K.L.:
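Handing you a structure now.
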Amino acid sequence: MIEVRPRAAAGWPAAIESADAADAHAGVETRQAAGGELDEMLARFEATWGEGRGPDRSMLQALAHAGGTLLVAVDPRPASGTGVLGAALGFLGWEGGLHLHSHMNAVDPVARGRGIGLALKLRQRAICLEHGIDEIRWTYDPLIRRNARMNLVRLGAEVIAYHPDFYGRLDDAITGTDRSDRFEVRWRLDSVRTRRALAMRPQPTWSARGGLALDPDFERLRADAPADAARLRERSHDAFAALAADGLRPELDSAGDYVFTNDDPDREAE
């Protein structure tokens, strides 16, 4: 049987170098999960979102067999005994154009702060470009500032939609009873914007037509002052719901707050 593979995108070799460099910085090896690591992947997801809040093992097995991007971050040293330190799961979709939907990305709490989440994303990027896929999308809670900064500034993704209560009531270890409002982002893998972000060049000063101030730690606010968190959630709903109608998208300013703009997302800093 002859295997027909799509042509790799032009940016693939550089993407491999970026992913390898991120691995070296984080002290891990990111790669496709081996069959014997699926249970550890599942454990990593459940440790993050709660028992029963991720896919079951049979689903992981099916995705792995089909060639889905089931990635792990492991210690590259032989017999380190640390197991799977991070895991990411993605699958192909074609709504609005062929892309990878990156659904889950989890890192062991004891290994956070090393750049493992970034390394997993960059490995996803490299694998997609190798297979001729030039776009990854995912969702995130728009009120969690550190995620907004990672997605919009460090990676160079851009918000393409606001989905109120996207997953319904989750009751998981992260969201609890809060509404599952989400921004959907598009990561154009070899765009000017992405290359600027990955090279850590300054982003533009965006022209602002409105905005929303974020709490520095919304997760802590939600736990310690749920009424205040609920009020911010309501204010954000009103602000974000008007974005599409006005032809605007959110970006982060230098203070880490949202500004709403219609600037070219690929423009460089002046």
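Since we're looking at a predicted model, the values are computed, not measured.
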K.L.:
Hey, are Asp39 and Arg57 close enough for a salt bridge, meaning a charged N less than 4.0 Å from a carboxylate O?
P.N.:
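Salt bridge: yes.
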K.L.:
Do Met150 and Trp138 sit in one hydrophobic cluster, given that two such residues count as connected whenever their side-chain heavy atoms are within less than 4.5 Å of each other, even indirectly?
P.N.:
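The answer is yes; both residues are in one hydrophobic cluster.
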K.L.:
For Ser58 and Asp56, which heavy atoms make the closest approach, and how far apart are they?
P.N.:
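The pair with the smallest heavy-atom distance is OG-OD1, 2.8 Å.
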K.L.:
Does Leu120 share a hydrophobic cluster with Met41, counting links as ILVMFWY side-chain heavy atoms below 4.5 Å and allowing steps through other members?
P.N.:
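Different hydrophobic clusters.
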K.L.:
Show your reasoning for whether salt bridge (charged side-chain N to carboxylate O under 4.0 Å, His left out) applies to Asp263 and Arg249.
P.N.:
CA-CA 9 Å; Asp263 289 352; Arg249 72 175 188 283; over 6 Å; no
K.L.:
Taking the side chain as every heavy atom from C-beta outward, state whether Asp141 and Arg222 have any pair of such atoms under 4.5 Å apart.
P.N.:
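Heavy-atom side-chain distance check passes, below 4.5 Å.
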K.L.:
What pairs with Glu184 under side chain to side chain contact (heavy atoms under 4.5 Å, CB included), at least two apart in sequence or on another chain?
P.N.:
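Arg137, Thr139, Ile160, Ala161, His163.
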K.L.:
May I ask you to decide whether Glu268 forms a salt bridge with Arg201, counting only side-chain N to carboxylate O separations under 4.0 Å?
P.N.:
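Looking at Arg201 together with Glu268, the answer is yes, because their closest N to O distance falls below 4.0 Å.
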K.L.:
Quick one: side chain to side chain contact (heavy atoms under 4.5 Å, CB included) partners of Asp215, sequence neighbours excluded?
P.N.:
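Only Asp217, Leu221, Leu232 meet the side chain to side chain contact (heavy atoms under 4.5 Å, CB included) criterion with Asp215.
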K.L.:
Would Arg179 and Glu234 pass as an ion pair if we require N to O under 4.0 Å?
P.N.:
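Looking at Glu234 together with Arg179, the answer is yes, because their closest N to O distance falls below 4.0 Å.
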K.L.:
If you round to the nearest 0.5 Å, how far is CG of Asp23 from OG of Ser18?
P.N.:
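Between atom OG of Ser18 and atom CG of Asp23 there are 11.0 Å.
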K.L.:
Let me confirm one number: the CG-CE distance from Leu70 to Met59, rounded to the nearest 0.5 Å.
P.N.:
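Leu70 atom CG to Met59 atom CE measures 11.0 Å (nearest 0.5 Å).
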K.L.:
Only one of Arg123, Lys121, Gln124 forms a side chain to side chain donor-acceptor pair (under 3.5 Å) with Thr30, so which one is it?
P.N.:
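Among Arg123, Lys121, Gln124, the one that satisfies the side chain to side chain donor-acceptor pair (under 3.5 Å) with Thr30 is Arg123.
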K.L.:
Any sub-3.5 Å donor-acceptor pair from Asp165's side-chain atoms to Ser180's backbone N or O?
P.N.:
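Yes, Asp165 side chain to Ser180 backbone: donor-acceptor pair under 3.5 Å.
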K.L.:
For Leu252 and Asp257, what are the C-alpha separation, side-chain angles and deciding distance, and is it a side-chain contact (heavy atoms from CB on, under 4.5 Å)?
P.N.:
CA-CA 5 Å; Leu252 284 187; Asp257 295 320; 5.8 Å; no
K.L.:
Are Leu248 and Val159 connected in the hydrophobic side-chain network, where two residues link if heavy atoms are under 4.5 Å apart?
P.N.:
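Same cluster: Leu248 reaches Val159 through Ile, Leu, Val, Met, Phe, Trp or Tyr contacts under 4.5 Å.
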K.L.:
Please, which pairs that meet ring-ring contact (aromatic ring centres under 6.0 Å, His included) have at least one residue in residues 192-222, sequence neighbours excluded?
P.N.:
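Residue pairs passing ring-ring contact (aromatic ring centres under 6.0 Å, His included), neighbours aside: none found.
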K.L.:
Flag the pair Asp75 / Val28 as yes when at least one side-chain heavy-atom distance between them is below 4.5 Å, and no otherwise.
P.N.:
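A side-chain contact under 4.5 Å is absent here.
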K.L.:
Would you call Arg195 and Asp190 a side-chain contact if the rule is heavy atoms closer than 4.5 Å?
P.N.:
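Sidechains of Asp190 and Arg195: in contact.
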K.L.:
State yes or no: do Ile136 and Ile127 share one hydrophobic cluster built from I, L, V, M, F, W and Y residues joined by side-chain heavy-atom distances below 4.5 Å, directly or via other members?
P.N.:
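No.
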K.L.:
Among residues at least two apart in sequence or on other chains, which ones pass salt bridge (charged side-chain N to carboxylate O under 4.0 Å, His left out) with Arg44?
P.N.:
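Applying salt bridge (charged side-chain N to carboxylate O under 4.0 Å, His left out) to Arg44 gives Asp108.
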K.L.:
Can you find a pair of side-chain heavy atoms, one from Leu198 and one from Arg125, that are under 4.5 Å apart?
P.N.:
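Side chain of Leu198 against side chain of Arg125, heavy atoms only: contact under 4.5 Å found.
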K.L.:
Closest approach of Trp187 and Ala157, non-hydrogen atoms and distance?
P.N.:
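Heavy-atom minimum between the residues: CD1-N, 3.9 Å.
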K.L.:
In chain order, what residues pass the side chain to side chain contact (heavy atoms under 4.5 Å, CB included) check against Ala126, with sequence neighbours excluded?
P.N.:
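Ala15, Ile16, Ala19.
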K.L.:
Is Pro250 close to Leu243 at the side-chain level, that is, under 4.5 Å between some pair of heavy atoms?
P.N.:
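The answer is yes, as the side chains (C-beta and beyond) meet within the 4.5 Å cut-off.
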K.L.:
Output, in order, the C-alpha distance, side-chain angles, deciding distance and verdict of salt bridge (charged side-chain N to carboxylate O under 4.0 Å, His left out) for Arg209 and Asp246.
P.N.:
CA-CA 10 Å; Arg209 296 177 57 190; Asp246 294 335; over 6 Å; no
K.L.:
For Asp266 and Arg196, run salt bridge (charged side-chain N to carboxylate O under 4.0 Å, His left out): C-alpha distance rounded to whole Å, both residues' side-chain angles, the deciding distance at 0.1 Å, then the answer.
P.N.:
CA-CA 9 Å; Asp266 283 328; Arg196 180 194 72 220; over 6 Å; no
K.L.:
Keeping to residues at least two apart or across chains, list the ring-ring contact (aromatic ring centres under 6.0 Å, His included) pairs with something in residues 244-270.
P.N.:
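Those involving residues 244-270 are Phe183-Tyr258, Phe240-Tyr258.
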K.L.:
Is the shortest heavy-atom distance from the side chain of His237 to the side chain of Tyr162 under 4.5 Å?
P.N.:
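The answer is yes, as the side chains (C-beta and beyond) meet within the 4.5 Å cut-off.
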K.L.:
Pairs under 3.5 angstrom only: tabulate donor-acceptor contacts from the side chains of residues 83-101 to other protein residues two or more places apart or in another chain.
P.N.:
residue, atom, partner, partner atom, Å
His99, ND1, Gly93, O, 3.4
His99, ND1, Gly97, O, 2.7

K.L.:
Any chance you could lay out the salt bridge (charged side-chain N to carboxylate O under 4.0 Å, His left out) test for Asp178 and Arg233, step after step, and finish with the verdict?
P.N.:
CA-CA 9 Å; Asp178 191 12; Arg233 181 69 74 189; 2.5 Å; yes
K.L.:
Looking at Gly117, is its backbone amide N or carbonyl O close enough to the side chain of Arg112 to form a donor-acceptor pair, meaning the two atoms are under 3.5 Å apart?
P.N.:
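Not a single qualifying donor-acceptor pair exists.
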K.L.:
Between Thr261 (side chain) and Ser207 (backbone), is there a donor-acceptor pair under 3.5 Å?
P.N.:
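Yes, Thr261 side chain to Ser207 backbone: donor-acceptor pair under 3.5 Å.
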K.L.:
Give the C-alpha distance, both sets of side-chain angles, the deciding distance and a yes or no for side-chain contact (heavy atoms from CB on, under 4.5 Å) between Leu143 and Glu219.
P.N.:
CA-CA 9 Å; Leu143 297 187; Glu219 290 167 300; over 6 Å; no
K.L.:
So, for Ser191 and Arg188, which heavy atoms are closest and what is the spacing to 0.1 Å?
P.N.:
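The answer is OG-O, 3.0 Å.
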K.L.:
Hey, are the side chains of Leu38 and Leu42 touching, using non-hydrogen atoms and a 4.5 Å cut-off?
P.N.:
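The answer is no; the side chains never approach within 4.5 Å.
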K.L.:
How long is the straight-line distance from CG of Leu189 back to CH2 of Trp12, given to the nearest 0.5 Å?
P.N.:
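The CH2 atom of Trp12 sits 14.5 Å away from the CG atom of Leu189.
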K.L.:
Could I get the full list of salt bridge (charged side-chain N to carboxylate O under 4.0 Å, His left out) partners for Arg149, not counting sequence neighbours?
P.N.:
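Once residues adjacent in sequence are excluded, Arg149 has no partner under the salt bridge (charged side-chain N to carboxylate O under 4.0 Å, His left out) criterion.
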K.L.:
Out of curiosity, Thr69 OG1 to Gln32 CD, how far, rounded to the nearest 0.5 Å?
P.N.:
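Nearest 0.5 Å value for the OG1-CD distance: 6.5 Å.
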K.L.:
Which residues pass the side chain to side chain contact (heavy atoms under 4.5 Å, CB included) test with Asn147, sequence neighbours left out?
P.N.:
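For Asn147 the side chain to side chain contact (heavy atoms under 4.5 Å, CB included) partners, ignoring immediate neighbours, are Tyr140, Ile144, Asn151.
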K.L.:
What pairs with Glu40 under salt bridge (charged side-chain N to carboxylate O under 4.0 Å, His left out), at least two apart in sequence or on another chain?
P.N.:
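In terms of salt bridge (charged side-chain N to carboxylate O under 4.0 Å, His left out), with neighbours along the sequence ignored, Glu40 is linked to no residue.
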K.L.:
Has the side chain of Glu46 got a donor or acceptor atom that lies under 3.5 Å from a matching backbone atom of Ala43?
P.N.:
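No, the answer is negative, given that no donor and acceptor are paired below the 3.5 Å cut-off.
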K.L.:
Give a yes or no on whether a salt bridge exists between Arg186 and Glu158, defined as a side-chain N under 4.0 angstrom from a carboxylate O.
P.N.:
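A salt bridge links Arg186 with Glu158.
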K.L.:
Less than 4.5 Å apart, any side-chain heavy atom of Gln203 and any of Ser254?
P.N.:
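Gln203 vs Ser254: side chains apart.
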K.L.:
Grab the two heavy atoms, one from Arg193 and one from Pro265, that are nearest each other, plus how far apart they are.
P.N.:
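Scanning both residues, the minimum pair turns out to be NH1-O, 3.2 Å.
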K.L.:
Could you pull out all residues at least two apart from Asp253 that satisfy salt bridge (charged side-chain N to carboxylate O under 4.0 Å, His left out)?
P.N.:
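Partners of Asp253 by the salt bridge (charged side-chain N to carboxylate O under 4.0 Å, His left out) criterion come out as none, since no residue qualifies.
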K.L.:
Quick check: are there more than 12 heavy atoms from other residues, nucleotides or ligands sitting under 6.0 Å from CZ of Arg220?
P.N.:
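No, the 6.0 Å shell around CZ holds no more than 12 heavy atoms from other groups.
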K.L.:
Suppose we screen for ring pair (Phe, Tyr, Trp, His ring centres under 6.0 Å). Which residues come up paired with His25, at least two apart in sequence or across chains?
P.N.:
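Testing His25 for ring pair (Phe, Tyr, Trp, His ring centres under 6.0 Å), a comparison that skips the adjacent residues, returns none.
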K.L.:
Looking at every non-hydrogen atom in both residues, tell me the closest pair between Gly27 and Pro76 and how far apart they are.
P.N.:
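Nearest pair, atom of Gly27 first, then Pro76: O-CD, 3.4 Å.
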K.L.:
If I compare all heavy atoms of Ala269 with all of Pro202, which pair ends up nearest, and what's the gap?
P.N.:
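Smallest interatomic distance, heavy atoms only, reads CB-O, 3.5 Å.
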